There are 2 protein chains.
Amino acid sequence: MTIAELSTDSAVLIDDETCRLFRAGAELAGQKWTAAVLLAMARGADRFSDIRGLVDGISDRVLSARLKELERQKLLARQVVPTVPVQVRYTLTAQGRELITILQPLVTWGARWKLHPSE
Amino acid sequence: MTIAELSTDSAVLIDDETCRLFRAGAELAGQKWTAAVLLAMARGADRFSDIRGLVDGISDRVLSARLKELERQKLLARQVVPTVPVQVRYTLTAQGRELITILQPLVTWGARWKLHPSE
DNA sequence: CGTCATGGTCACCAATAGTACGCGCTAATA
DNA sequence: TATTAGCGCGTACTATTGGTGACCATGACG
């Protein structure tokens with residue numbers, strides 16, 4: 001079922017699969033810092049401290065949590081390089097890159113209709 | 001600046017305009033209940049109690065807050081019909097309908113790469 | 001021996017978000 | 001007189017999130 005079809009179907013409750021998917025994606029990308037982390041990675045940062053350096057103001061704890069969640073959702077892959085001290089590299093998966101592409105129009109949309117700050 | 005270009009530009013910090021827009025939109029749509037409310041309206045619900053009836057489980061207070069925020073962001077318009085008791089009608093603006101269209105691919109994306117529950 | 005870098009974790013606190021539930025207002029209706 | 005419809009608001013409570021700063025393990029380096 002597409003959103004276009006929804007407007008013709010008024011019998012179904014809203015908490016159905018479409019809405020769940022809609023929300024799951026929007027919520028994932030909409031969580032604070034998540035977009036910034038994805039963009040940092042799109043710019044080439046692939047190590048914990050690189051990302052932290054690029055994303056101004058994020059704390060270790062939150063970055064750690066975001067990376068963990070994004071890995072769980074398979075938007076990025078975590079691989080340990082056994083140097084000393086150990087290094088950990090994060091890379092975007094196809095799914096992650098796709099999400100960034102998909103959300104691109106959101107930037108255009110946001111630019112066109114200026115959103116009003118401090119929601 | 002597009003996200004595609006971002007990967008070639010590593011000098012800029014992440015908290016810039018693009019990221020702000022990206023986040024603003026994603027955060028707006030990602031907030032709990034917001035997507036459900038938008039979908040309910042896309043299905044034709046235009047009154048407070050209609051929406052509440054269609055969105056299973058939402059509380060008055062939250063629905064009220066969402067409608068207010070969405071109105072502030074100009075995603076919907078609120079108009080009072082001076083009947084008695086008074087009626088209030090909410091309608092999607094062009095901007096609001098556009099957002100739904102733009103976020104449509106997110107549903108497809110979410111369906112393709114199953115997101116993992118309970119984030 | 002002290003200390004640095006890396007990639008985090010943990011405990012604690014504050015702020016934000018969400019829920020439950022009752023109230024208010026008005027005029028028609030039972 | 002009591003109730004209902006319609007649209008929320010106010011208060012109180014709980015749950016989730018985010019930030020801070022301390023801490024940890026390892027091996028190299030001075």
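Labels below follow one simple rule: chain letters A, B, ... track the order of the sequence lines, proteins then strands, and each chain is numbered from 1. The shown structure was predicted, so the numbers you read here are calculated from the model rather than taken from an experiment.
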Closest approach to the side chain of V84(A), judged atom by atom: which nucleotide of dG27(D), dT19(C), dC7(D) is it? dG27(D)
Taking dG19(D), dT19(C), dG8(D) as options, the one with an atom nearest any side-chain atom of V62(A) is dG19(D)
Sugar-phosphate, base or nothing in reach of R52(A), heavy atoms under 4.0 Å: nothing
Counting only side-chain heavy atoms from C-beta out, which of dG6(D), dG8(C), dT6(C) sits nearest to Q87(A)? dT6(C)
Could you state the CD1-C1' distance from I51(B) to dC7(D), rounded to the nearest angstrom? 12 Å
Between E69(A) and R72(A), does any side-chain N to carboxylate O distance fall below 4.0 Å? yes
dG7(C), dT19(C), dT26(C): which one has an atom nearest the side-chain heavy atoms of P85(B)? dT26(C)
In whole angstrom, what separates L63(B)'s CG from dA20(C)'s P? 14 Å
Counting only side-chain nitrogens and oxygens, does K68(B) get under 4.0 Å of the OP1 or OP2 atom of dG8(D)? no
For dG6(D), take OP1 and OP2 only and decide whether either is under 4.0 Å from a side-chain N or O of T83(B). no
Pairwise side-chain contact, V88(A) with R78(A), heavy-atom cut-off 4.5 Å (strictly under): yes
Counting only side-chain nitrogens and oxygens, does K32(B) get under 4.0 Å of the OP1 or OP2 atom of dT16(D)? no
So if I take every side-chain heavy atom of R61(B) and compare against dT26(D), dG18(D), dG10(D), which nucleotide ends up nearest? dG10(D)
Phosphate contact (dT9(C) OP1 or OP2) by S64(A) side-chain N/O below 4.0 Å: yes
Compare the minimum distances between each of dG18(C), dG7(C), dC9(D) and the side chain of D60(B), then state the nucleotide with the smallest one. dC9(D)
Is S49(B) close enough to dC7(D) that one of its side-chain N or O atoms is under 4.0 Å from OP1 or OP2 there? yes
Using the side-chain heavy atoms of S59(A), tell me which of these nucleotides is nearest: dT20(D), dT9(C), dG7(C). dT20(D)
Say whether, by atom type as modelled, one donor and one acceptor occur between the side chain of T34(A) and the main chain of G30(A) under 3.5 angstrom. no
For the side chain of R66(A), counting heavy atoms from C-beta on, which of dG6(D), dG18(D), dG8(C) is nearest? dG18(D)
Taking the side chain from R66(A) and the backbone from W33(A), do they hold a donor-acceptor pair closer than 3.5 Å? no
Classify the side-chain pair E98(A)/W113(B) by whether it contains a donor and acceptor separated by less than 3.5 Å. yes
Please tell me if Y90(B) has a side-chain N or O lying less than 4.0 Å from either OP1 or OP2 of dG6(D). no
